[in-house]
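In listed order, ligands and their atoms are each counted from 1.
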Amino acid sequence: MAAHKVVCWDCGAEVDDPFVNTCPKCGGLLTVKMDLEKVKEMKPEDLRKAPIGVWRYAPFMPVDPAHKVSIQEGGTPLYSTQALGEAIGCKNTFVKFEGLNPTGSFKDRGMTMGVSHAKELGATVVGCASTGNTSASLAAYAAKAGMKCAVFLPSGKVAMGKLAQALFFGAKVLSIDGNFDDALALARKMADERKLYLLNSINPYRPEGQKSVLFEIIDQLCYDVPDRIILPVGNAANIWAVYKACMELKEVGWIDKVPMLTGIQAAGSAPVARAFAAKNKTFEPEPNPETVATAIRIGNPVSGRKALHAMYSTGGYCTTVTDEEIISAQLLLGRKEGVCVEPASAASVAGLRKLIETGVADKDERVVCICTGNGLKDPDTIINNCAPPIKCGNSVADVERILSQ
Ligand SMILES: *Cc1c(COP(=O)(O)O)cnc(C)c1O
Ligand SMILES: [Zn+2]
């Protein structure tokens, strides 16, 4: 663990109370400021003695590994996806498949850090609002830590696999009459009254764990930094975490180039992309977000301003893709690479395709698409978009006839 402090991202004030989620002085967003002096004396190879995964990068993390609550998160594959790359016109494409985390999404990276910190603080009740994956992840880590867990879900719009996980791990699953933004408002109220320790990504310890996806990508590419990294953007913490990790690697002198961080939103849920198009530093919330990609169906992204900063200051980009483009990219990943991701995750690949088509990205760039979650989280969407099973008679001739079609 490195020395660190929690500071306000907006006014710089230091924040001592570990239970507040916004700056007591200005209401701004919090962030963790790491002291990396000790890491500057290390080399990347020094970390390779530990197995790949979130805790390999403990020297960049603000939680003591002695309090670690872990289900071996991170260490996900980075695929070189040539066939996919050829299909979308960008040969040097890689996919970081976060769907192979313990609960099937990148949220486990933040949750191992957040729940370990909760344990450090002596919290016994944790909670979050969620479009699905955050609750699945928190429920699992709370179970592992022996904590009580409450999750606030928007009624009706949560993918089946995610709901099943939260129930399975024994969380109190509360169905809130409203969308994600309403569910988060209630969870925050509970946290403000100290009824639970909040583990949404407004909690600055979550992005600290999520930084590990960038550390791994760079590690897996042997410190040959890619030109661009593309992520789906919902509540916008993940792209912020990736940005923060880039800055920290640069600070310790392990990289000298930073990838163009590129965020992709769904067309029906695009407050950050709209702000980017207008070159604004702040965004207007979208009151009625709508998309098949439920994990990024968020109208008022908590870390939206941080995400805009990440994209502007790395020469990155932000744009939207339609639900049709998302589903088409999801199927392409399956059919070309044998990789099954959920719709939100396919937004990164759909986004790359669009950037190539519109000339924003060059076909010779080395690009990493982060595919954030597993396709099995949302089997309904897959079944709705694939041809149904073929009725077949019980004979070799019947099968042959079908195979020859
Ligand atoms: C949470 C989530 C996202 C969005 O990440 P943010 O940090 O909220 O931008 C994207 N895809 C999946 C699968 C997720 O679970
Ligand atoms: Zn402040």
Side-chain angles (χ1 to χ4, degrees), residues 6-15 20-31 76 96-101 103-111 128-138 158-159 161-162 165 180-181 184 200-204 206-207 209-211 213 230-244 261-266 269-273 289 291-308 310-311 318 326 330 340-349 351 369-378 381:
V6 175
V7 298
C8 173
W9 186 66
D10 289 289
C11 77
E14 220 175 295
V15 178
V20 301
N21 287 293
T22 47
C23 174
K25 288 217 175 89
C26 79
L29 297 166
L30 304 185
T31 188
T76 59
K96 179 70 169 161
F97 187 28
E98 289 291 279
L100 294 185
N101 273 292
T103 76
S105 84
F106 77 82
K107 297 297 197 300
D108 295 342
R109 294 179 184 275
M111 226 39 104
C128 70
S130 174
T131 62
N133 280 332
T134 301
S135 61
S137 184
L138 179 57
V158 176
K162 307 176 187 182
Q165 286 177 295
F180 168 81
D181 303 296
L184 179 58
N200 277 97
S201 57
I202 193 167
N203 181 317
R206 281 257 321 268
Q210 291 174 207
K211 291 188 308 197
V213 73
I230 307 186
L231 309 89
V233 171
N235 221 6
N238 210 27
I239 193 166
W240 161 252
V242 165
Y243 168 75
K244 193 164 185 288
L261 299 185
T262 300
I264 307 296
Q265 294 210 285
S269 181
V272 179
T291 168
V292 67
T294 50
I296 52 173
R297 184 172 166 269
I298 292 174
N300 190 11
V302 161
S303 302
R305 286 185 297 122
K306 287 176 171 171
L308 285 162
M311 296 180 292
C318 190
I326 287 173
Q330 185 190 23
C340 179
V341 307
E342 66 166 282
S345 313
S348 59
V349 172
C369 292
I370 300 187
C371 285
T372 42
N374 199 300
L376 294 178
K377 295 273 196 174
D378 187 0
T381 300

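Minimum interatomic distance between Gln265 and Val233 (heavy atoms only, all atoms of both residues): NE2-O, 3.1 Å.
Judged purely by atom type and a 3.5 angstrom limit, Asn374 uses its side chain to pair as donor or acceptor with the backbone of Leu376. In this structure, the side chain of Ser345 engages the main chain of Thr372 through a donor-acceptor pair within 3.5 Å. Asp378 contributes no side-chain N or O that, together with a main-chain N or O of Glu342, makes up a donor-acceptor pair within less than 3.5 Å.
Residues forming a salt bridge (charged side-chain N to carboxylate O under 4.0 Å, His left out) with Lys377 (at least two apart in sequence, or on another chain): none.
Side-chain atoms of Lys107 and Glu98, non-hydrogen and from C-beta on, never get closer than 4.5 Å to each other. Side-chain contact between Ser348 and Ile370 is absent, with no heavy atoms from C-beta onward closer than 4.5 Å.
Counting only protein N, O or S atoms, the number found under 2.8 Å from the Zn ion (ligand 2) is 4.
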Using a 3.5 Å cut-off and no angle test, enumerate the donor-acceptor pairs between side-chain atoms of residues 295-303 and protein atoms at least two apart in sequence or in another chain.
{"unit_1": "Arg297", "atom_1": "NE", "unit_2": "Pro289", "atom_2": "O", "d": "3.4"}
{"unit_1": "Arg297", "atom_1": "NE", "unit_2": "Glu290", "atom_2": "OE2", "d": "3.2"}
{"unit_1": "Arg297", "atom_1": "NH2", "unit_2": "Glu290", "atom_2": "OE1", "d": "3.3"}

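Lys96 and Thr76 are linked by a side-chain donor-acceptor pair at a separation below 3.5 angstrom, with hydrogens and angles left out of the test.
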Once you restrict both partners to nitrogen or oxygen, which atoms of ligand 1 have a protein partner under 3.5 Å, and how far apart are they?
{"unit_1": "ligand 1", "atom_1": "7 (O)", "unit_2": "Ala237", "atom_2": "N", "d": "3.2"}
{"unit_1": "ligand 1", "atom_1": "7 (O)", "unit_2": "Asn238", "atom_2": "N", "d": "2.8"}
{"unit_1": "ligand 1", "atom_1": "8 (O)", "unit_2": "Asn235", "atom_2": "N", "d": "2.7"}
{"unit_1": "ligand 1", "atom_1": "8 (O)", "unit_2": "Ala236", "atom_2": "N", "d": "3.4"}
{"unit_1": "ligand 1", "atom_1": "9 (O)", "unit_2": "Gly234", "atom_2": "N", "d": "2.8"}
{"unit_1": "ligand 1", "atom_1": "9 (O)", "unit_2": "Asn235", "atom_2": "N", "d": "3.4"}
{"unit_1": "ligand 1", "atom_1": "9 (O)", "unit_2": "Ala236", "atom_2": "N", "d": "2.8"}
{"unit_1": "ligand 1", "atom_1": "11 (N)", "unit_2": "Thr372", "atom_2": "OG1", "d": "2.7"}
{"unit_1": "ligand 1", "atom_1": "15 (O)", "unit_2": "Lys107", "atom_2": "NZ", "d": "2.6"}
{"unit_1": "ligand 1", "atom_1": "15 (O)", "unit_2": "Asn133", "atom_2": "ND2", "d": "2.7"}

